[in-house]
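Keep in mind the model is a prediction, meaning the values are calculated, not measured. Protein chains get the first letters and strands the later ones, always in sequence-line order, with residue 1 at the start of each.
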Amino acid sequence: MEGGSGSNSVPPSATFDKSRVLDVKPLRSLVPVFPSSPQAPPFVCAPPSGPFPSGFSPFYPFNGPQPTPPDLNQHTHTPAPLRSFRAPQSNGKMATDGNADGSTGAPTKRPVGRPRSSSASQKKAKKDLVFTLAVVDNNFVLGITPAQREDGDTEVVNNVRMRFDALRRRLSQLEDAKESPNGWIRRADLKAANIMMSKGLRTNLRKRVGVVPGVEVGDIFFFRMEMCLVGLHSQTMAGIDYMIVRADIEEDPLAVSIVSSGGYEDEAEDRDVLIYSGQGGNVNSNKKEAADQKLERGNLALERSLHRNNEVRVIRGMKDAISPTAKVYVYDGLYRIQESWVEKGKSGCNIFKYKLVRLPGQPGAFDVWKSIQQWREGFSSRIGLILPDLTSGTEGIPVSLVNDVDKEKGPAYFTYFASVKYVKSFKLTEPSCGCNCHNACAPGDLNCSCIRKNGGDFPYTANGVLVSRRPLVHECGPTCPCIPNCKNRVTQTGLKVRLEVFKTKDRGWGLRSWDPIRAGTFICEYAGEVIEKVKARQDGEGEDDDYVFDTTRVYEPFKWNCEPGLVEGDGNDTTEEYSIPSPLIISAKNVGNVARFMNHSCNPNVFWQPVAYEQNSESYVHIAFFAMKHIPPMTELTYDYGTSRSDEVDGNDSLHGKKKCLCGSPRCRGCFG
DNA sequence: GTATATTCACATCA
DNA sequence: CTGATGTGAATATA
């Protein structure tokens, strides 16, 4: 696609007229064109290991017995190369990669360029190895070793975070449906963290000053408990976390991290400076009067850290636009306390104040948020802005086109269209009709046929987050009588996050978001024209169609759902294997939406999920993209393009038809496509 | 070892 | 749309 392959395989940009991008003609209609055809689906696939009768499931090449979870110690304790280059274990040394966007697919790393073996047997051996690694990398492991519980790394932290949110989403789903086996779950976040902690599913339990291995500057969190579980800040409510350090005979409390969340009269006078108030003295729920703060606990720890010149981790909490009560926490990296003083607060009582200054050379975090805020409010102009909205109003919210890297004025011409265009219809085996709900479809209501199609579970939580991956998500369609903002219409109501198409350093155009994105959030669908097959690549002749989404490709398996057994009495174990009526190939070469700009990564932060809804008594499958994990603003969005099945079958070992991967992930497979 | 105090949560309801 | 309120849970300290 444009980003991933465009810069590498498309001939020099002189071949197209860059000015034409300004002529993008949007099709206003969101209703796809469906010439009704009684024909059977033309996309007959001959999978190598078929047959696939009704449930066609070509996506996992390794369908055999699932391997037992490998010994975690052997793999996750692999030393340096697997560690994030941004979060070394060392205590004070700051990683300085100069990459300001905080992305995981660090473009500063060069492609691996792994040599490909030539013999078939070697290839098989390599594939097995890749598979084993993939299981460790992508699947939840059953347990976390005692060593990992004390000191984490990127993988363990990622694992804990993914499992926490999967569990939290599942608990929210149960709560929404009032199906909780043990009564009411009022706080899914607390419940999920409680379960995680009781099972030892946590990391970085050992408190430390400075860098927390596996947690990167710019990482975002949506609950305080998430930060507890990965050892970034282990106080559930308190703003100052500290540890006792022995110095000679004396015991000294030292601050390790603070959360600035708006509860006190803090000031953010500068992006790199924070005036932080000490704790205590507040009017609290026990009807205590306001009082002078005392030099004890956190306040004492901050004072000691000032004198010792220690680093303190700073987490900035702010309002999440998604709802007025919701908060999002940004890890803003290491600060040092410059001075402290006492002043009178609004209540007239003494408050300790600490001036913290951010250490230089750290990746952008809070300052990125501030910049975005200014672009949004129009106080500062976006450097490199080419078009304020490349969709020309087709989408409900604008998608800006930005290049602050070079002189290229935009991607090649295409027609912006927000959905997928079927030429011929799919037919589901069973006749399809919508539900009979006349208000909003309610979770737990088994009278709703759309919910029944989803196995009785409502696929989304109350705030529209996908709970789990499923063979096929069924949404309410245009003919369902339920209200248009029924919670079971997530992927058909247009973009919700503020996206930006931008020029990457070395991978063509890419996609990223101004908004922070929660795991499970719908990002966009893959729009384009449904085609019968991908044009064969003939060297030197014809045009490559790099803008293709193809369900028949081979995709790395990964586990995203909450594992069964974590929730007491919950046997829920949905398969994550996709199952759609017939293969689907979508070309976005001439017609498409923002999804055509999403690049490939072997360590992606976005995944695709087939979603069906019914139109004119026929069910149409759409490819919807969801966030795999929480994604900080301005981080490039990537998904796994998979590998072409035909190349696997004919044993072609060259890079023929494949692209060299530039994702920079430690587990990069070397190529894709 | 257990109990209690502390706490810049969070969701809900008025 | 705020603010009050209720339930909540890990950690430090007694």
Reckon Ser277(A) has a side-chain N or O less than 4.0 Å from the OP1 or OP2 of dC8(B)? no
How many Å lie between CD1 on Ile275(A) and P on dC8(B), as a whole number? 18 Å
Can you name the residues that form a side-chain hydrogen bond (donor to acceptor under 3.5 Å, both in side chains) with Ser513(A), not counting sequence neighbours? none
Cationic tip of Arg469(A) within the cone over Phe626(A)'s six-membered ring, i.e. under 6.0 Å and within 45° of the normal? no
Mind checking what makes salt bridge (charged side-chain N to carboxylate O under 4.0 Å, His left out) contact with Arg149(A), not counting sequence neighbours? none
Grab the CG-P distance between Asn463(A) and dC10(B) for me, whole Å please. 14 Å
For Asp252(A), is there an ion pair with Arg304(A) - N to carboxylate O distance below 4.0 angstrom? yes
I need the full list of salt bridge (charged side-chain N to carboxylate O under 4.0 Å, His left out) pairs touching residues 487-498 of chain A, with sequence neighbours left out, sorted by first then second residue. none
Whole angstrom value for the distance that separates C1' of dA11(B) from CZ of Arg224(A): 16 Å
Tell me: CD of Gln293(A) to C1' of dT6(B), nearest whole Å? 13 Å
Figure out the CD/C1' separation between Gln279(A) and dA9(B), and round it to whole Å. 15 Å
Can you check nucleotides 9-13 of chain C for protein contacts, nitrogen or oxygen pairs under 3.5 Å, and list what you find?
residue	atom	partner	partner atom	Å
dA10(C)	OP1	Asn194(A)	ND2	2.9
dT11(C)	OP1	Arg202(A)	NH2	3.2
dA12(C)	OP1	Lys207(A)	NZ	3.2
dA12(C)	O3'	Tyr242(A)	OH	3.1
dT13(C)	OP1	Tyr242(A)	OH	3.4

Just by distance, no angles: are the side chains of Trp375(A) and Gln373(A) close enough, under 3.5 Å, to form a donor-acceptor pair? no
How does DNA chain B look in dot-bracket notation if pairs are Watson-Crick or G-U with both distances under 3.5 Å, crossing ones as [ ], other-strand ones as |? .||||||.||||||
Please list, chain by chain and in numerical order, all residues satisfying salt bridge (charged side-chain N to carboxylate O under 4.0 Å, His left out) with Asp332(A), sequence neighbours excluded. Arg316(A), Arg358(A)
Are the aromatic ring centres of His630(A) and Phe222(A) under 6.0 angstrom apart? yes
Strictly below 4.0 Å: does Lys327(A) bring a side-chain N or O up to OP1 or OP2 of dC10(B)? no
Using a heavy-atom cut-off of under 4.0 Å over every strand shown, decide if Tyr329(A) touches base, sugar-phosphate, or nothing. sugar-phosphate
Hydrogens and angles aside, do Thr461(A) and Gln173(A) bring a side-chain donor and acceptor to less than 3.5 Å of each other? no
Nearest-angstrom distance from the residue atom CG of Asp189(A) to C1' of dT12(B): 14 Å
How would you label the contact of Gly298(A) with the nucleic acid (heavy atoms, under 4.0 Å): base, sugar-phosphate, or nothing? nothing
Whole-Å distance between dC8(B) P and Ile351(A) CD1? 12 Å
Would you mind reading off the distance between Phe223(A) atom CZ and dG8(C) atom P, rounded to a whole angstrom? 16 Å
